[in-house]
Peer 1: 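Take a look at this one; I'll ask things after.
These numbers were taken from a predicted model, which means no experiment stands behind them. What you see below is based on every heavy atom in this structure, not just the backbone, and it leaves out hydrogens, waters and symmetry mates.
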Amino acid sequence: MSTIAIIGAGRGLGAAVARTFGAQGFTIALISRNQRNVDQLAADLSVDGLTARGYAADVRDPKSLTAALGEAAQDLGPVEVLEYSPLPQKEFLRPVLETTTNDLAAAIEFSIYGPVTAVKQVLPGMRSLGRGTILFVNGGSGARPNPKVAGTSIAFAGEAAYARMLHDTLAPEGIQAGQLIIPGAIQPGHPTHDPDILAGRLWHLHTHPDEFRVFADDMPPAA
Ligand SMILES: NC(=O)c1ccc[n+]([C@@H]2O[C@H](COP(=O)([O-])OP(=O)(O)OC[C@H]3O[C@@H](n4cnc5c(N)ncnc54)[C@H](OP(=O)(O)O)[C@@H]3O)[C@@H](O)[C@H]2O)c1
């Protein structure tokens, strides 16, 4: 069985990604800060016949993230697919002139150091498998800076650059990196922004290694 690690596994997109990849035979490692949340989600997925386990880690705490991913690989096998989609904190969503250096430091820990920590931990396992997929999920400010949400605009730009460099560097090894951009809010029942539809976009990226970036929908016109 292949293993997917979902970093930022909540009831919205995280759960939909778990169900989408689980339906394709993946075993699922669910990672978020709260052990009770991921244990409950794992239990719900198990009722539907999926194999899932929860691990607690804060993406802003590299030690906890490394430990959770290491434990997941020991329990479930090497991580073949890494999906990075923790929900950004509200401090990252302040207007540019109200954003402090502390806000930015936190956003950069969240969106750049977290991904680098996670990739460093899972890459040896992907190399041992000879294949792997690394998926990043960002809002519209990941594709175009938005002065209303400065923290994500700045930090997502770094995350996108890291993702693109991984895409270009790891392709010869059969390891791909891709990014899903979601302009606007995730909304159950919406034709393009429903969590299951978005999880399908991530499955598309997983199965189309030449593609780097997909959009949930057209970007709104620039202000
Ligand atoms: N929601 C939207 O409207 C929207 C719009 C555009 C883009 N996105 C993107 O979609 C993804 C989130 O999807 P979602 O909103 O449906 O979320 P979700 O999968 O329902 O939940 C995300 C989970 O991230 C976890 N998390 C938050 N901070 C964390 C941290 N520091 N370390 C580890 N885990 C953390 C939270 O669990 P704990 O509290 O247990 O840690 C939360 O349950 C993100 O990539 C976001 O950029 C969301």
Side-chain angles (χ1 to χ4, degrees), residues 4-24 26 28 30-32 41 45 59 81-96 99 107-108 110-112 114-115 118-119 133-168 171 176-223:
I4 179 170
I6 300 171
I7 301 180
R11 292 275 157 188
L13 182 63
V17 171
R19 290 185 195 284
T20 297
F21 281 74
Q24 300 289 339
F26 277 77
I28 307 144
L30 303 163
I31 299 174
S32 85
L41 183 53
L45 294 168
V59 299
V81 177
L82 177 76
E83 193 259 355
Y84 192 90
S85 60
L87 186 64
Q89 297 169 209
K90 60 180 184 339
E91 294 82 0
F92 310 163
L93 306 173
R94 289 185 178 142
V96 63
T99 294
I108 286 164
F110 188 90
S111 294
I112 302 179
V119 169
T133 300
I134 302 165
L135 300 169
F136 299 94
V137 181
N138 299 105
S141 63
R144 186 173 66 216
N146 176 351
K148 291 181 186 153
V149 290
T152 55
S153 295
I154 292 167
F156 284 176
E159 184 176 350
Y162 179 59
R164 180 75 225 194
M165 291 187 287
L166 291 177
H167 177 84
D168 294 342
Q176 55 168 321
Q179 185 186 35
L180 169 64
I181 299 283
I182 307 171
I186 296 176
Q187 283 179 52
H190 190 279
T192 55
H193 285 57
D194 179 88
D196 290 332
I197 306 269
L198 297 168
R201 307 289 285 167
L202 289 166
W203 180 259
H204 173 91
L205 272 177
H206 171 61
T207 51
H208 292 78
D210 291 345
E211 294 184 30
F212 169 65
R213 182 180 267 181
V214 295
F215 287 81
D217 202 352
D218 294 340
M219 289 286 289

Peer 1: To check you understand the geometry: which heavy-atom pair defines the closest contact between D196 and A16, and what is its length?
Peer 2: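 Nearest heavy atoms, D196 then A16: OD1-CB, 3.4 Å.
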
Peer 1: Closest heavy-atom contact between L41 and G10?
Peer 2: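 Reported closest heavy-atom pair: CD2-O, 3.6 Å.
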
Peer 1: How long is the gap from CG on L202 to CD on Q179, to the nearest 0.5 Å?
Peer 2: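 Separation between the atoms: 10.5 Å.
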
Peer 1: Check whether T207 reaches the backbone of H204 with its side chain - one donor and one acceptor, N or O, closer than 3.5 Å.
Peer 2: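 Flag set: sc T207 to bb H204 pair under 3.5 Å.
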
Peer 1: My understanding is that only one of L180, I182, L135, I181 makes a side-chain contact (heavy atoms from CB on, under 4.5 Å) with R201; could you say which?
Peer 2: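 Among L180, I182, L135, I181, the one meeting side-chain contact (heavy atoms from CB on, under 4.5 Å) with R201 is L180.
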
Peer 1: Side-chain contact test, heavy atoms from C-beta onward, threshold under 4.5 Å: evaluate it for L13 versus V137 and give yes or no.
Peer 2: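 In short, these two side chains touch, coming nearer than 4.5 Å.
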
Peer 1: First locate atom OG of S85, then atom CG of L198, and finally report the distance between them rounded to the nearest 0.5 Å.
Peer 2: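 Here the rounded value is 10.5 Å.
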
Peer 1: T152 and S141: which non-hydrogen atoms are nearest, and at how many Å?
Peer 2: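 Heavy atoms only, the tightest pair is OG1-OG, 2.9 Å.
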
Peer 1: Mind checking whether P220 and P183 have side chains closer than 4.5 Å, heavy atoms only?
Peer 2: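 Yes, their side chains come closer than 4.5 Å.
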
Peer 1: Counting N and O atoms only, with roles assigned by atom type, does the side chain of H167 sit under 3.5 Å from a partner on the main chain of A177, one being a donor and the other an acceptor?
Peer 2: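 The answer is yes, because a donor-acceptor pair under 3.5 Å joins these two groups.
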
Peer 1: What are the two closest heavy atoms between G151 and A107, and how far apart are they?
Peer 2: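 Minimum heavy-atom separation between G151 and A107: O-CB, 3.8 Å.
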
Peer 1: Between W203 and H206, is the side chain to side chain contact (heavy atoms under 4.5 Å, CB included) condition met? List the steps.
Peer 2: CA-CA 5 Å; W203 180 259; H206 171 61; 3.6 Å; yes

Peer 1: Kindly determine whether F21 and E83 satisfy side chain to side chain contact (heavy atoms under 4.5 Å, CB included), including the steps that lead there.
Peer 2: CA-CA 11 Å; F21 281 74; E83 193 259 355; over 6 Å; no

Peer 1: Could you give the distance from CD1 (I154) to CD1 (I108), rounded to the nearest 0.5 Å?
Peer 2: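 Taking CD1 in I154 and CD1 in I108, the distance rounds to 7.0 Å.
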
Peer 1: Locate the shortest heavy-atom distance separating F156 from P88; write the atom from each residue and the value.
Peer 2: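 For F156 versus P88, the nearest heavy atoms are CZ-CG, 3.9 Å.
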
Peer 1: Identify the heavy atoms of R213 and G142 that sit nearest to each other, and give their distance.
Peer 2: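 In terms of heavy atoms, the two residues are closest at NH2-O, 3.4 Å.
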
Peer 1: Measure from the side-chain N and O atoms of H190 to the backbone N and O of T192, and report whether any donor-acceptor pair falls under 3.5 Å.
Peer 2: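 A pair under 3.5 Å: yes.
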
Peer 1: Find the distance between CG (L166) and CG (L82) and round it off to the nearest 0.5 Å.
Peer 2: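 Output value for this atom pair is 10.0 Å.
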
Peer 1: Rounded to the nearest 0.5 Å, how far apart are CD of E159 and CD1 of I112?
Peer 2: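 Between E159 CD and I112 CD1, I get 7.5 Å after rounding to 0.5 Å.
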
Peer 1: Any heavy-atom pair between the side chains of I6 and F26 that's under 4.5 Å?
Peer 2: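 Side-chain contact under 4.5 Å: no.
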
Peer 1: Donor-acceptor check, side chain of T20 to backbone of G200, threshold 3.5 angstrom: yes or no?
Peer 2: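 It does not hold such a pair.
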
Peer 1: Over 60° means perpendicular and under 30° means parallel, so tell me whether F110 and Y84 are parallel, tilted or perpendicular.
Peer 2: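 The arrangement is perpendicular - the two ring planes meet at more than 60°.
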
Peer 1: Do the non-hydrogen side-chain atoms of L45 and L30 ever get within less than 4.5 Å of each other?
Peer 2: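 L45 reaches L30 side chain to side chain.
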
